[in-house]
Engineer: 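The structure follows.
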Protein chains: 2
Amino acid sequence: MSTPFDLAKFLPYRLAVAAQAVSARFARRYSEAFGLTIPEWRVLAVLGGFGTTHAQRLTALTTMDKVKVSRAVAKLAAAGLVQRQPDPEDGRRVLLALTPKGEQLYRDIVPLAQAMQEELLAELPPAGREALDEALRLLSRSPKS
Amino acid sequence: MSTPFDLAKFLPYRLAVAAQAVSARFARRYSEAFGLTIPEWRVLAVLGGFGTTHAQRLTALTTMDKVKVSRAVAKLAAAGLVQRQPDPEDGRRVLLALTPKGEQLYRDIVPLAQAMQEELLAELPPAGREALDEALRLLSRSPKS
DNA sequence: GCCGGTTAGTTACAAATGAAACCGATGTCA
DNA sequence: TGACATCGGTTTCATTTGTAACTAACCGGC
């Protein structure tokens, strides 16, 4: 007879559940404290760390498709956190950068994010951290076949 | 000066990316081979392993809210994979069970799912597996504060 | 038995998402 | 230069998802 199947032990399921739990936990705080969604937070985080860039690079660095990036940027721009200007070198591109207000928010939110991450890591056994790190790296590669 | 922030090293982000990559990989195959979405697959998996139950238990065992379960069940019922009947002991409840066709699908899909999982695990270093297991378990707990 | 509160599940409506169409700008190759 | 494929980014539309309202059934006290 075949091995019984247990969804609770199924890796894709477990990964999805863990990611969802962690995301929800963080999303709630970003939202409560700063009114940001996760896509917006990702864009802010990259722009804050990276400086001025165009949207295409954001799609690569946030692992979101260009539609999602476009929408997140539009929201941030509407909130006065991001400023757009045409790229003089390529008329198709739009250069994106944080406004002073956006930079301020970035400076406020990063320590919180780091604290949350510490809090999360503190719940894990030290030995598990590198393992998790490595596993996430391997699992994140795009489907091979 | 504060530690620079790098989204690519941020645990919630990495977890989301990994889960998304794995889910996409699996979802594509469920969908191609059997026409199932992930919620439907989850319901099928639980019903197949657990036997007859009511929807409420499915919400617990699939970590999906009752609306999502309800919709997945409706789809499966429409496809003739699940049969519903009123619970004689509680008129509010609906007892759910796989039809013979549903059981057949279950028998077909479980080996595939297990094979996919093996394939995935094979990409991970053996030492990391228990660590990953433990980490996912800890991270999946609902937000504490 | 009846009334208020709760539970199981579905439905309705709004927000988020993804795929594809679209538009202006660029590059290229004859 | 001019036709054509491609690229960056936005918009449109269909689907998915989440939240809240709703219906029917149960449960308790009275």
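Proteins come first, then strands; the chains are lettered A, B, ... in the order of their sequence lines, and each starts at number 1.
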Engineer: Is any side-chain nitrogen or oxygen of A:R84 closer than 4.0 Å to OP1 or OP2 of D:dG8?
Structural biologist: no
Engineer: Specify the separation, in whole Å, of atom CD1 of B:I38 and atom C1' of D:dT16.
Structural biologist: 13 Å
Engineer: Base, sugar-phosphate alone, or nothing: which one does A:D90 contact when heavy atoms must sit under 4.0 Å apart?
Structural biologist: sugar-phosphate
Engineer: Please answer: with hydrophobic residues joined when any side-chain heavy atoms are less than 4.5 Å apart, are A:M116 and A:Y106 in the same cluster?
Structural biologist: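 In one cluster with A:M116: A:Y106, yes.
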Engineer: Less than 4.5 Å apart, any side-chain heavy atom of B:F50 and any of B:R57?
Structural biologist: yes
Engineer: What is the distance, rounded to the nearest whole Å, between atom CG of B:D87 and atom C1' of D:dC26?
Structural biologist: 12 Å
Engineer: Under 4.0 Å between a side-chain N or O of B:S70 and OP1 or OP2 of C:dG9?
Structural biologist: no
Engineer: Output the rounded distance in Å from CE (A:M64) to P (C:dT17).
Structural biologist: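 It is 9 Å, rounded to the nearest whole Å.
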Engineer: If you look at every strand shown and take non-hydrogen atoms under 4.0 Å, does A:D65 touch a base, only sugar-phosphate, or nothing?
Structural biologist: sugar-phosphate
Engineer: A:R92 has a side chain; which of C:dG18, C:dG24, C:dG9 sits nearest to it?
Structural biologist: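 So the side chain of A:R92 is nearest to C:dG24.
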Engineer: Do the side-chain N or O atoms of A:K66 get closer than 4.0 angstrom to the phosphate oxygens (OP1, OP2) of D:dT10?
Structural biologist: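 No.
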Engineer: Contact class for A:V94 (heavy atom, under 4.0 Å): base, sugar-phosphate, or nothing?
Structural biologist: sugar-phosphate
Engineer: Would you please say whether a donor-acceptor pair under 3.5 Å links the side chains of B:T62 and A:Y13?
Structural biologist: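 There is no such pair (donor and acceptor under 3.5 Å, judged by atom type) between the side chains of B:T62 and A:Y13.
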Engineer: A:Q56 CD to D:dC7 P: how many Å, rounded?
Structural biologist: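 To the nearest whole Å, that distance equals 9 Å.
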Engineer: With no angle test and no hydrogens, is the base of D:dG9 tied to the side chain of A:R71 by a donor-acceptor pair under 3.5 Å?
Structural biologist: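 It does not, because no donor-acceptor pair links the side chain of A:R71 to the base of D:dG9 below 3.5 Å.
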Engineer: Does A:Q20 or A:L96 map to a spot on DNA chain D nearer the 5' end, using the closest nucleotide for each?
Structural biologist: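 By nearest-heavy-atom nucleotide position, the 5'-most residue is A:L96.
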Engineer: Measuring from atom CG of A:L136 to atom CG of B:L11, what distance do you get when rounded to the nearest 0.5 angstrom?
Structural biologist: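 It is 6.5 Å, given to the nearest 0.5 Å.
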Engineer: Can you check the A:L95 CG to D:dG8 P distance for me, whole Å?
Structural biologist: 13 Å
Engineer: Starting at atom NZ of B:K68, determine the distance to atom C1' of D:dT19, rounded to an integer number of angstrom.
Structural biologist: 14 Å
Engineer: Need to verify one output field. Residue with the more 5' nearest nucleotide on DNA chain C, B:R57 or A:G91?
Structural biologist: B:R57
Engineer: Starting from P on D:dT6, measure out to CZ on A:R93 and report it in whole angstrom.
Structural biologist: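 That distance rounds to 18 Å.
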Engineer: What is the distance, to the nearest angstrom, from the CZ atom on B:R28 to the P atom on C:dG18?
Structural biologist: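 Between P of C:dG18 and CZ of B:R28: 16 Å.
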Engineer: Using 0.5 Å steps for rounding, measure from the CG atom of B:L95 to the CZ atom of B:R84.
Structural biologist: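 Separation between the atoms: 12.0 Å.
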